[in-house]
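Position 1 is the first residue of the sequence; numbering continues from there. Values below: all heavy atoms of this structure, side chains included; hydrogens, waters and symmetry mates excluded. Counting starts at 1 for both ligands and their atoms, following the listed order. As the structure is a computational prediction, the values presented were derived from the model and not from experiment.
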Amino acid sequence: MTAPYTDELTARFGYDLYLGGPAEDSPADNAWIKQVLLRRTHRRYSDRPVPEAVVRLILAAAFSASSKSDFQQASVIRVEDRGQRDKLAALIPDMPWIGNAPVFLVFLGDARRLERISKHPVKNGSLEGFFNATVDASLVLQTCILAAETLGLGTCPISVLRNHIEAVGEILALPDKVFPVAGLCLGYPAQQGFISMRLSPEATVQEDRYNDSRTIPAVDAYDRRRDARHSLKDRQRSPEIFGAAEFYGWSEDKARQAMSGEGTGFAAWLRAHGFDLGK
Ligand SMILES: Cc1cc2nc3c(=O)[nH]c(=O)nc-3n(C[C@H](O)[C@H](O)[C@H](O)COP(=O)(O)O)c2cc1C
């Protein structure tokens, strides 16, 4: 008998990840877990509109996410006005899904609300305030993604908004201590899409204390598995800087991407918008 999740684990990790434990402890076949294991980002959407009741239900589920200290420091802007959407989309012409998606949301870390509701001199512009609001907004974002996918929608988070933080802050009229974590495109998928493989537990799960001694061989094996499924050989990033690699895997691609210095203006913008990031 094959284990209940063999196909889904193989699709996600590239091999039949052994879950371990006695057979009787093996989790029962669960349709939602399978759907999560097979989930994928979608960047092309059909013309089918997303009903208002669906958007509201998804947002209600999203805001059911856990919240650090019950501070509830996430907010969402629904970008409904075509002019507003076009202004955001024009900032990032190489991602047309920002303008094309039937629904576009922006998830905000909102460190302002705690100060606004307080009769006491709360100061929430510290690193703690920023970090808590970031975590809350991220949890609401991911819960929104899973809720949307559960209802058959496809999504694509958009963090490149932060690469244009001055313009985005102005378009969305963000006050001090409110910042975008990511946008989110939402719509019924126009294509099946594909599953993006993840690193194996040897690279990501450790026991009792930090120990990344298995990382390099695990990533090397991952690079090869991923390359066998979907090669990046002919899509090498910035060959004029890095040259053409004979074997071009995920780790080389991500290292080159991380060299590009994305989001460099963000810290200065935060400091100019109410965050001292101290203490
Ligand atoms: C916080 C965050 C920001 C992202 N920003 C973008 C983005 O700006 N543009 C884009 O096309 N995809 C974006 N993505 C989607 C990722 O590229 C995608 O999740 C990743 O490649 C893994 O693919 P998968 O979600 O299909 O498994 C973002 C994802 C996250 C979680």
Lys/Arg cation over aromatic Phe179: Arg162, 6.0 Å, 45° cone: no
Students should be able to answer this: which protein heavy-atom is nearest to atom 5 (N) of ligand 1, and at what distance? Ser159 N, 3.0 Å
Is any side-chain N of the basic residue among Glu252 and Arg256 closer than 4.0 Å to the acidic one's carboxylate O? yes
Contact check, Gln142 vs ligand 1, heavy-atom distance below 4.0 Å: no
Which heavy atom of the protein is the closest neighbour of atom 25 (O) of ligand 1, given with residue, atom name and distance? Thr41 OG1, 2.6 Å
What do you reckon, is CG of Asp47 surrounded by more than 12 foreign heavy atoms closer than 6.0 Å? no
Show me which atoms of ligand 1 lie under 4.0 Å from any heavy atom of Val160. 8 (O)
Is it true that, when you exclude Lys123 itself, more than 12 heavy atoms of the residues, nucleotides or ligands shown sit nearer than 6.0 Å to its NZ? no
Any side-chain donor near an acceptor of the partner, Ser126 and Glu128, under 3.5 Å: no
Compute whether any side-chain donor of one residue and acceptor of the other, for Asp70 and Gln72, lie under 3.5 angstrom apart. yes
In terms of heavy-atom contacts, does CZ of Phe131 have more than 12 from other residues, nucleotides or ligands at under 6.0 Å? no
Protein heavy atom at shortest distance from atom 10 (C) of ligand 1: Cys156 SG, 3.6 Å
Strictly under 6.0 Å, is that where the ring centroids of His230 and Phe194 end up? yes
Of all protein heavy atoms, the one nearest atom 2 (C) of ligand 1 is Pro157 CB, 3.8 Å
Starting from atom 9 (N) of ligand 1, which protein heavy atom do you reach first, and at what distance in Å? Met95 SD, 3.2 Å
Trp97 neighbourhood, listing ligand 1 atoms whose heavy-atom distance to it stays under 4.0 Å: 11 (O)
Arg43: numbered ligand 1 atoms lying under 4.0 Å from its heavy atoms: 10 (C), 11 (O), 12 (N), 15 (C), 16 (C), 17 (O)
Does any N or O of ligand 1 fall below 3.5 Å from an N or O anywhere on Arg40, backbone included? no
Just to confirm my output: which protein heavy-atom neighbour is closest to atom 23 (O) of ligand 1, and how far is it? Ser196 CB, 3.6 Å
Hey, is atom 20 (C) of ligand 1 under 4.0 Å from any protein heavy atom? no
Counting from 1, what ligand 1 atoms have a heavy atom of Arg39 closer than 4.0 Å? 24 (P), 25 (O), 27 (O)
Assess Arg48 against Tyr188: is NZ or CZ under 6.0 Å from the centre of the six-membered ring, and within 45 degrees of the ring's axis? yes
